[in-house]
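So that the names make sense, note that chain A is the first sequence line, chain B the second, and so on, each numbered from 1.
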Protein chains: 2
Amino acid sequence: MASLTVENYIKTIFQVCLSGDGQAATGQLASALGVSPGTVTSMLKTLSESNLVTYTPYEGVRLTHAGNALALRVVRRHRLTELFLVKTLNMTWDEVHEEAEHMEHAVSDRLIDRIDEFLGRPEADPHGDPIPRSDGSFEIPASRTLAECGVGDKFRLSRVIDQSPEFLRFLSNSGLPLGTAGQVVANRIEAGIVTVSVEGQETTLGRAAAEKILVTPGR
Amino acid sequence: MASLTVENYIKTIFQVCLSGDGQAATGQLASALGVSPGTVTSMLKTLSESNLVTYTPYEGVRLTHAGNALALRVVRRHRLTELFLVKTLNMTWDEVHEEAEHMEHAVSDRLIDRIDEFLGRPEADPHGDPIPRSDGSFEIPASRTLAECGVGDKFRLSRVIDQSPEFLRFLSNSGLPLGTAGQVVANRIEAGIVTVSVEGQETTLGRAAAEKILVTPGR
DNA sequence: CAGGTAAATTAGGCTGGACTACAATTCCCA
DNA sequence: TGGGAATTGTAGTCCAGCCTAATTTACCTG
Ligand SMILES: [Mn+2]
Ligand SMILES: [Mn+2]
Ligand SMILES: [Mn+2]
Ligand SMILES: [Mn+2]
């Protein structure tokens, strides 16, 4: 059984690898996990001996097949837990991450499978992040950022990259929850602004914000 | 913040004290927690220094006010979690204890309060154990064992002492879930047998089983 | 009331997971 | 292309929780 600490390392390596070049650097892990670089180095040796990662000093670390499977299980527990809390207790998408961060280590895979069934085998969590399936399969739906959209493009808000409670609340308060359908009415790179129309209501976002929002073609 | 280990010690001390003379002995804690007696002794010193218990070597340990408050919070989290799993996922009373045993350390008090509200501020968990309230109050409803009932007594099954999955499943399969109303039709001490009638159906239990079942006056 | 037994404590040791301080490596730019 | 800065790795230390073995205490019984 992997300890809570090991699960957190593996999940973090998974996420850093996904959002980069497929490798995780010691420093990235250290800051993501809130520990010192030396601590990461020694843990990487441990994980390597457990055959969860392949580690090349001064170069980086990547997950083995077993490590990837463990990461997917932890991510699955996290995301299904988040959705479960939203669906049953009406919690909001800015509240659930913190709770799931702890619960992901405490719920059994059996319980998670029941939650999965209860929720009707959902494909995405409250932030639009895809949910790994119990058989270990995992697909990332195609999408682009709102900033990449051209004027006139119709879209559906499918995923949020910046999951800080502040940004999520900003989106909710701006009438932009997950699933929102709308149309881009302006995208001025020089001005660093994207304006969208949602149900007749126009909202203007800064470019940085627009880059944190993923959309699929709408309507 | 109390660690998972500390929470487990405090909860166990609480339970051992309740089911005995108000004191917990080192050996009882060691076997309940599955650790060696020496380990318990050293932890008791730690807990004592944290002012969670008062510890008298060779005599026993009891909870301080702060220790009692912590124990009640852990028990509250455990029991509300159990009931939540039963109500939302239709889990059975023999399945939920194991899950709650882990989740009780992972769910925040804020989340538990929302679960409490969602469930309508229940007074008892799926096993009939009373749920401590968020203000720290805690009452144990009066009851007696089924074995203490006389012939003709009408009862309602209010709580189960032996919470092993096997016993709980036995009760379910015998048509004796929590809340069952019935009547004692025989109680032969010599034979070590108690017979009850539930909805016209008679069931005979051994004395040991009858002592593990608590009832309130029925009808 | 002495001695044996059961329970508890102490002593010493181990592992996982963290830190700091220092040394080595890599990278990047002048 | 050499040297300084940033990054990474190493060494040594600490603490929480656990263990076993040896010792001490308490209790009971003859
Ligand atoms: Mn999350
Ligand atoms: Mn999420
Ligand atoms: Mn339980
Ligand atoms: Mn219970």
Side-chain angles (χ1 to χ4, degrees), chain A residues 1-13 16-17 19-63 66-67 70-71 74 101-102 104-106, chain B residues 1-13 16-17 19-63 66-67 70-71 74 101-102 104-106:
Chain A
M1 271 284 86
S3 70
L4 180 150
T5 305
V6 166
E7 287 191 347
N8 278 330
Y9 271 87
I10 293 295
K11 190 182 72 162
T12 304
I13 294 169
V16 169
C17 285
S19 68
D21 59 346
Q23 288 220 135
T26 303
Q28 294 177 295
L29 298 175
S31 73
L33 289 161
V35 299
S36 72
T39 303
V40 171
T41 300
S42 70
M43 178 55 82
L44 292 184
K45 282 179 202 155
T46 305
L47 296 177
S48 186
E49 279 158 21
S50 315
N51 291 312
L52 290 170
V53 304
T54 56
Y55 169 52
T56 316
Y58 293 107
E59 190 175 308
V61 67
R62 52 184 74 220
L63 296 174
L70 175 56
V74 177
E101 204 57 46
H102 296 100
E104 67 188 6
H105 311 291
Chain B
M1 270 287 84
S3 69
L4 180 151
T5 305
V6 166
E7 287 191 348
N8 278 330
Y9 271 86
I10 293 297
K11 190 182 72 162
T12 304
I13 293 168
V16 169
C17 285
S19 68
D21 59 344
Q23 287 221 138
T26 301
Q28 293 177 296
L29 298 175
S31 72
L33 289 161
V35 298
S36 73
T39 303
V40 171
T41 300
S42 70
M43 177 56 82
L44 292 184
K45 280 179 203 158
T46 305
L47 296 177
S48 186
E49 280 158 21
S50 315
N51 291 311
L52 290 169
V53 305
T54 55
Y55 168 52
T56 316
Y58 294 105
E59 191 175 307
V61 66
R62 51 184 75 219
L63 295 174
L70 175 56
V74 177
E101 203 57 46
H102 295 100
E104 67 188 5
H105 311 291

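- Paired with V61(A) under the rule side-chain contact (heavy atoms from CB on, under 4.5 Å), one option of V16(A), L29(A), T54(A) passes, and it is L29(A).
- Summarising the geometry, the separation between CG on L33(B) and C1' on dA16(D) is reported as 15 Å, rounded to the nearest angstrom.
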Please tabulate, one pair per line, all N/O donor-acceptor pairs under 3.5 Å involving side-chain atoms of residues 31-49 of chain B, not counting sequence neighbours.
residue	atom	partner	partner atom	Å
S31(B)	OG	Q28(B)	O	3.3
S36(B)	OG	T39(B)	N	3.4
S36(B)	OG	T39(B)	OG1	2.9
T41(B)	OG1	P37(B)	O	3.3
S42(B)	OG	T39(B)	O	3.1
T46(B)	OG1	S42(B)	O	3.2

Donor-acceptor contacts under 3.5 Å from residues 2-13 of chain B side chains, at least two apart:
residue	atom	partner	partner atom	Å
S3(B)	OG	T5(B)	N	3.4
S3(B)	OG	V6(B)	N	3.1
E7(B)	OE1	R77(B)	NH2	3.0
E7(B)	OE1	H105(B)	ND1	2.7
E7(B)	OE2	R77(B)	NH2	2.7
N8(B)	OD1	H105(B)	NE2	3.0
K11(B)	NZ	E101(B)	OE1	3.4
K11(B)	NZ	E101(B)	OE2	2.7
K11(B)	NZ	E104(B)	OE1	3.1
K11(B)	NZ	E104(B)	OE2	2.9
T12(B)	OG1	N8(B)	O	2.7

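- Note on S36(A): a base of the nucleic acid sits closer than 4.0 angstrom, heavy atoms only.
- Following rounding to the nearest Å, Q23(B) (CD) and dA26(D) (P) show an atom-to-atom distance of 14 Å.
- Contact between C17(B) and R62(B) at its shortest, heavy atoms only, is SG-CA, 4.4 Å.
- A search for side-chain contact (heavy atoms from CB on, under 4.5 Å) contacts involving E59(B) returns Q23(B), T56(B), not counting sequence neighbours.
- Contacts between residues 37-60 of chain B and DNA chain D, defined by a heavy-atom separation below 4.0 Å, involve T39(B), M43(B), Y58(B), listed by number.
- Taking 4.0 Å as the cutoff to heavy atoms of chain B, we find the contact window on DNA chain C bounded by dA8(C) to dT10(C).
- The rotation axes computed at either terminus of the helix from dC1(C)-dG30(D) to dA30(C)-dT1(D) lie 10° apart, taking five pairs at each end and rounding to 10 degrees.
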